[in-house]
A.B. asks: 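Just dropping this structure here.
Just so you know, these numbers come straight off a predicted model, no measurement behind them. Within every chain, numbering begins at 1; the chains are lettered A, B, ... in the order of the sequence lines, protein sequences first and strands thereafter.
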Amino acid sequence: MSMKLLTSAVFAGLAAGLIAALLQFSFVTSSLLEGELYEAGEKVHFAVDGTPQSPRGGAEVDLAAEPVRYGLTVAFNIVTYTGFGLLLVALMALAETKKLTKITPRQGLIWGLAGFVAIQLAPAMGQPPVLPGSVGAEIGPRQAWWLATLLSAGLAMWLLAFGRGLWPWLAIPLLLVPQIIGAPVLDTYFGVTPAELAASFAAMSLGYSAAGWAALGFFAAYFYSRQEA
Amino acid sequence: MERDDMTTQTTTQTAAIARAATSTTGIVAAMAAGLLLLFLSGYAQATILHDAAHDQRHAMAFPCH
């Protein structure tokens, strides 16, 4: 692997991972913790006493209370974004080698947003981000659908950006077919968490990853275009 | 003299071929490394990895359990 690709991916993964972790603690983790209260049965929605309500809140992010847990969240944000960063700079290098484009930081922002659509948004339409306390279909088929969907959507992004002739039109079936086939789901609802909490968690997760991907694309392109091969 | 020129030319060609090869190899290697990291952070089911990556997997909507 060339040093240029490695260093741009590592710097970009570090920057995007730290930004993402900060956003996660600010906007995502508290609903995750609240979901765990329902998962563990410490809070019960639609309790047996007949009340249709349960009080909002009850779980705050306390970095000092669980330093290992939150430290690992930071670490895995960095690992994940470095992983995606390596794929992103490899594709950027491929696009430049094939003389399809010249990478600039601003263009990197668009690469990042395209990555968000392919890796987060397209799979999330079939398998929304799940709060703890949700029960899903069997893991194997779900992972298979998820992987097939993001590969198909990733190819669609590439064709939209660089396809010639009629190739970009192929993006439409590539984006549609996984959703028409549909992700594996159970035929019953098992959720024990309030619908509002799950919806807010799903929307916040997508926003968090959109910001993370935009940052990753920008920094990957910035470090990539600064270095000579 | 002629021999020197030929040697220089050959060296340049070899270097050019090596550079092109490194670039393709580099791209493939970067992809492989990226996939390995993502397998660990998002896909592997080993309990210790799953627990460590738990919050982040939920936030990234990786299908993890």
A.B. asks: Indicate the atoms forming the closest heavy-atom contact of A:Phe76 with B:Leu49, along with that distance.
C.D. replies: CZ-CD2, 3.9 Å
A.B. asks: How far apart are the closest heavy atoms of A:Ala90 and B:Ala30, and which atoms are they?
C.D. replies: CB-CB, 4.0 Å
A.B. asks: Which distance, rounded to the nearest 0.5 Å, do you find between the OG of B:Ser41 and the CD1 of A:Ile78?
C.D. replies: 12.0 Å
A.B. asks: What pair of heavy atoms forms the shortest contact from B:Leu38 to A:Thr80, and how long is it?
C.D. replies: CD2-O, 3.5 Å
A.B. asks: Tell me whether A:Phe27 at atom CZ has more than 12 heavy atoms from other residues, nucleotides or ligands lying less than 6.0 Å away.
C.D. replies: no
A.B. asks: Near A:Phe11 CZ, under 6.0 Å, is it more than 12 heavy atoms from other residues, nucleotides or ligands?
C.D. replies: no
A.B. asks: Flag yes if more than 12 heavy atoms outside A:Tyr70 fall under 6.0 Å of its OH atom; otherwise flag no.
C.D. replies: yes
A.B. asks: Heavy-atom cut-off 4.5 Å, strictly under: side chain, backbone, both or neither for A:Thr97 against chain B?
C.D. replies: side chain
A.B. asks: Which atoms of A:Ala144 are under 4.5 Å from chain B, going by heavy atoms: the side chain, the backbone, both sets, or neither?
C.D. replies: backbone
A.B. asks: Could you state the interatomic distance from CG (A:Leu88) to CE (B:Met31), rounded to the nearest 0.5 Å?
C.D. replies: 9.5 Å
A.B. asks: Might you point out which heavy atoms bring B:Gly34 and A:Leu86 nearest each other, and give the distance in Å?
C.D. replies: N-CD1, 3.5 Å
A.B. asks: Could you tell me if the side chain of A:Leu72 sits less than 4.5 Å from the side chain of B:His54, heavy atoms only?
C.D. replies: no
A.B. asks: Determine the interplanar angle of the B:Phe62 and A:Phe84 rings, folded into 0 to 90°, and report it as parallel if under 30°, tilted if 30 to 60°, perpendicular if over 60°.
C.D. replies: tilted
A.B. asks: Set out, in order, the CA-CA distance, both residues' side-chain angles and the distance that settles side-chain contact (heavy atoms from CB on, under 4.5 Å) for A:Gln24 and B:Met60, then state yes or no.
C.D. replies: CA-CA 10 Å; A:Gln24 187 171 344; B:Met60 290 296 271; over 6 Å; no
A.B. asks: Specify which of A:Asn77, A:Val28, A:Leu206, A:Leu150 makes the most heavy-atom pairs with chain B at under 4.5 Å.
C.D. replies: A:Asn77
A.B. asks: Identify which part of A:Leu94 has an atom lying under 4.5 Å from any heavy atom of chain B, answering side chain, backbone, both or neither.
C.D. replies: both
A.B. asks: Could you tell me which of A:Val74, A:Val79, A:Thr29 has the largest number of non-hydrogen atom pairs under 4.5 Å with chain B?
C.D. replies: A:Val79
A.B. asks: Sort A:Ala93 into side chain, backbone, both or neither according to what part of it lies under 4.5 angstrom from a heavy atom of chain B.
C.D. replies: both
A.B. asks: Measuring from atom CZ of B:Arg57 to atom OG1 of A:Thr73, what distance do you get when rounded to the nearest 0.5 angstrom?
C.D. replies: 12.0 Å
A.B. asks: Heavy-atom distance under 4.5 Å to chain B: side chain of A:Glu138, backbone, both or neither?
C.D. replies: neither
A.B. asks: Return the CD to CG distance between A:Glu36 and B:Asp55, rounded to the nearest 0.5 Å.
C.D. replies: 6.5 Å
A.B. asks: Using non-hydrogen atoms only, which part of A:Leu147 is less than 4.5 Å away from chain B: side chain, backbone, both, or neither?
C.D. replies: side chain
A.B. asks: Closest heavy-atom contact between A:Ser205 and B:His58?
C.D. replies: OG-O, 4.3 Å
